[in-house]
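To keep things clear, I will list the structure first and then write my remarks on it.
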Amino acid sequence: MTDDRINLIEADITTLAVDAIVNAANPSLLGGGGVDGAIHRTAGPELLAACRTIGGCPTGEARITKGYRLPARFVIHTVGPIWHGGTRGEPELLAACYRNCFILAHTHHLNTLAFPAISTGVYGYPKDQAAVIAIQETRVALEKNQALRKVLMVCFNQETRLAYEAALGSSTS
Ligand code: ADP
């Protein structure tokens, strides 16, 4: 059973004392609005300095930094796809974001992770479809990686929570 290790929570992701929080970043990794801005504000200028040395991140990939002034030890930065109607590889790219975050979590021996609903803010990905992908990829990762104890899906609004509840309830695993 994997779903008992998935928790839906309503919180500001920057307050969570987990091994890593995931940042829905943009390809520059130099900060932005939404969750990205909140993470950089709380982590402090050391995070921006660390991101500068990375030199960007293509859509669908992920990079890891320390968490600096955040309660989380690490930040995994991933760049979700911008929604263009679904015909430009958006589902595959969003799934790749989750997969690449889980690979980094595994290689860094991280046991607790918190995700925002990647791409569903400014990038416009429909929340219900994004939640299905998030839950699907999380189940696969939890199945493969027994050391992963807890994956928190952070619902910043009610619509996001309902989308995750539907995705958890309507799937077969
Ligand atoms: P994207 O550009 O990938 O769409 P956004 O930051 O605009 O990224 O939004 C991604 C999701 O993160 C949205 O569901 C938004 O409501 C949510 N969000 C924004 N701020 C926070 C926060 N402080 N903690 C958790 N989730 C947040």
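Order of appearance sets the numbers: ligands from 1, and atoms from 1 within every ligand.
- For residues 121-140, the ring-ring contact (aromatic ring centres under 6.0 Å, His included) pairs, not counting sequence neighbours, are W83-Y125.
- The only option from L94, V79, T78 that meets the side chain to side chain contact (heavy atoms under 4.5 Å, CB included) definition with T59 turns out to be V79.
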L113 vs F102, side-chain contact (heavy atoms from CB on, under 4.5 Å): CA-CA, chis, key distance, verdict: CA-CA 9 Å; L113 283 185; F102 285 119; 3.7 Å; yes
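- The pair E165-R161 counts as a salt bridge, with a side-chain nitrogen and a carboxylate oxygen less than 4.0 angstrom apart.
- In this structure, T2 contributes its side chain and E143 its backbone to no donor-acceptor pair below 3.5 Å.
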Could you list, one pair per line, each nitrogen or oxygen of ligand 1 together with any protein nitrogen or oxygen closer than 3.5 Å, giving atom names and the distance rounded to 0.1 Å?
residue	atom	partner	partner atom	Å
ligand 1	3 (O)	S119	N	2.9
ligand 1	4 (O)	S119	O	3.4
ligand 1	4 (O)	G121	N	2.8
ligand 1	4 (O)	V122	N	3.2
ligand 1	4 (O)	Y123	N	3.0
ligand 1	6 (O)	V35	N	2.9
ligand 1	7 (O)	V122	N	2.9
ligand 1	9 (O)	G121	N	3.4
ligand 1	14 (O)	T120	OG1	2.9
ligand 1	23 (N)	D12	OD1	2.9
ligand 1	24 (N)	I13	N	3.0

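- Distance check, rounded to the nearest 0.5 Å: CD1 of I39 to CG of N23 gives 3.5 Å.
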